[in-house]
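Written below as structure tokens is the structure these notes are about.
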Amino acid sequence: MPAIVVVGGHWGDEGKGKIVDLLAEKAKLVVRFSGGDNAGHTVINTYGEFRLHLIPSGIFYPHTTCIIGNGVAVNPAVLIGEMDELCQRGIDISRLFISDRAHLIMPYHVLLDGLEEASRGGKALGTTLKGVGPAFTDKTARLGIRVGDLLDREALLNRLRLILDHKNAILTKVYGAEPLSVDEVYNQYCQYGERLAPHIRETTAMVDEAWHKGELVLLEGAQGTLLDPDFGTYPYNTSSSPLAGGGCLGAGISPTKISHIIAVFKAYCTRVGSGPMPTELKEETGELIRQRAHEYGTTTGRPRRCGWFDAVAARYSTRINGFTGAAITRLDVLDILPRLKICVAYKLDNKTIDYFPSSINDLDRCQPIYEELPGWQSPITDIRQYDQLPLEARQYVARLEELASCPVNIISVGAKREQTIIKTPIL
Ligand code: GDP
Ligand code: IMO
Ligand code: MG
């Protein structure tokens, strides 16, 4: 049986939560593989509306085991809050497991995220301030504390003493902030450890076992391809890889076991935080989309920047991820627009280019070249069959498929699970 990776195709918030909740119906395992609680995945199903930051979007099915993979940075306070909320709302979380290799977000990571952003002034990256960047920095710098460390109190205390010495020096000497107390942090994290202990596992064996039994394994990405540290708009990016390749690393599964790589693209583009976005609409159409689609961050509430579908970026995303299929979400948001634009190339210093530049200075100067298509100007949220979509909507989707070099399997016409059209089944 296959393993499917679900990846954000642009700058995040494409509707990965909705698509994973939908696909998880057939899955034995759903593994979140990257990011931390900078992510906000909205799921609306028969149990209600949920905004998940760490817990995989497959948690609503009794037959699905959910794993927070080694590639995720875990803030235990946020995780416990999310577990409690799900329990209160009647969702069984006994099948939730956390990789013992996942790194912990510590209180100094959250403080440093804020202090670093403040020190950047006008050049701030617009991070979510959740401490995710500093936690991944420490992972690479070999200064991290991992979820598994919560299970060995003596080792945790020793590690914390060593690291907090270093962090307190930065907090006090570089930023003039108050130091953190080893005892307080230690006691707090011991409590988290006690609560999370039944859920902490070596998880790669679980993934391997499910795959070998022929069960469907679903890997849930966070963020989006253009926020990747290597392939995104560096330095305006996140700190772990949202790519399909990141899925293998962050879930502990071999690339040879992945059979499908599914992009989630919005029918237009959004971005939250700073950095270049060639198709951003700073005028009334952008505002109209934002209001109509309520484009405000799931995690931070910040207004999302809205713009036309960037097919240059989408094609690049297809190439570096190797998308085998896609879900197009929020097609219904475009219902009212008389004409639609798709960015098919960029103008860079009087030259027409069809690639996504690696330098943000170049990308900043890129002017979108648009192709225009007619809108359909009728409501599509109640349509469930592809051939019942208005002709203009089918033409729009067909053009996205062609320009993004990726076949579309799923079209989402509303936020609820059932507001979905299966154009071509993935499996
Ligand atoms: P994620 O981070 O990729 O999971 O996406 P978010 O949850 O942050 O943002 C996607 C938003 O779009 C959420 O508010 C969803 O409820 C909503 N959504 C998803 N699919 C559709 C759709 O097809 N139509 C509409 N109108 N809303 C959708
Ligand atoms: P989901 O999974 C959209 C953005 C932030 C900022 C940059 C760096 O919901 O799609 P960070 O806190 O990661 O250091 O911030 O990345 N960002 C997201 N934007 N959706 C997300 O997640 C994001 N996670 C991080 O806004 O620009
Ligand atoms: Mg989101």
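When a ligand or atom number is given, it counts from 1 through the structure's own listing order. Being a predicted model, the structure only gives us computed values, none of them experimental. Atoms considered below: every heavy atom in the structure, side chains included; atoms not considered: hydrogens, waters and symmetry mates.
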Checking the N or O distance criterion of under 3.5 Å, is ligand 2 in contact with [X]?
X      : answer
Ser274 : no
Gly40  : yes
Thr238 : yes

With a 4.0 Å heavy-atom cut-off (strictly under), which part of [X] contacts ligand 1: side chain, backbone, both or neither?
X      : value
Lys18  : side chain
Glu220 : neither
Val264 : neither
Thr42  : both

Just jot down the ligand 1 atoms closer than 4.0 angstrom to any heavy atom of [X], in number order.
X      : answer
Gly414 : 20 (N), 21 (C), 22 (C), 23 (O), 24 (N), 25 (C)
Val413 : 23 (O)
Arg304 : 8 (O), 9 (O)

Checklist entry - In terms of side-chain geometry, is the basic nitrogen of Asp84 or Arg195 positioned less than 4.0 Å from the acidic oxygen of its partner? => result yes

Checklist outcome for this item: Numbered in order shown, the ligand 2 atoms found under 4.0 Å of a heavy atom of Gly273 are 27 (O)

Checklist entry - Atoms of ligand 2 less than 4.0 Å from Lys16 heavy atoms? => result 1 (P), 2 (O), 10 (O)

Return the closest protein heavy atom for [atom] as residue, atom name and distance.
atom                    : result
atom 20 (N) of ligand 1 : Ser412 OG, 3.5 Å
atom 10 (C) of ligand 1 : Asp13 O, 3.7 Å
atom 4 (O) of ligand 1  : Gly17 N, 2.8 Å
atom 11 (C) of ligand 1 : Arg330 NH2, 3.1 Å
atom 3 (C) of ligand 2  : Asp13 OD2, 3.2 Å
atom 26 (N) of ligand 1 : Asp332 OD2, 2.8 Å

Checklist outcome for this item: Contact region, Asp113 to ligand 2, non-hydrogen atoms below 4.0 Å, reads neither

Checklist entry - Does some non-hydrogen atom of Ala39 fall short of 4.0 Å from ligand 1? => result no

Checklist outcome for this item: So the angle subtended at the Mg ion (ligand 3) by Gly40 atom O and Asp13 atom OD1, rounded to 10 degrees, is 160°

If you measure from [atom] to every heavy atom of [options], which option wins on shortest distance?
atom                    : options                     : value
atom 19 (N) of ligand 2 : Val132, Thr128, Val272      : Val272
atom 6 (C) of ligand 2  : Gly17, Gly35, Gly126        : Gly126
atom 2 (O) of ligand 1  : Gly12, Ala415, Gly15, Gly40 : Gly40
atom 18 (C) of ligand 2 : Asn38, Leu227, Thr42, Asp37 : Leu227

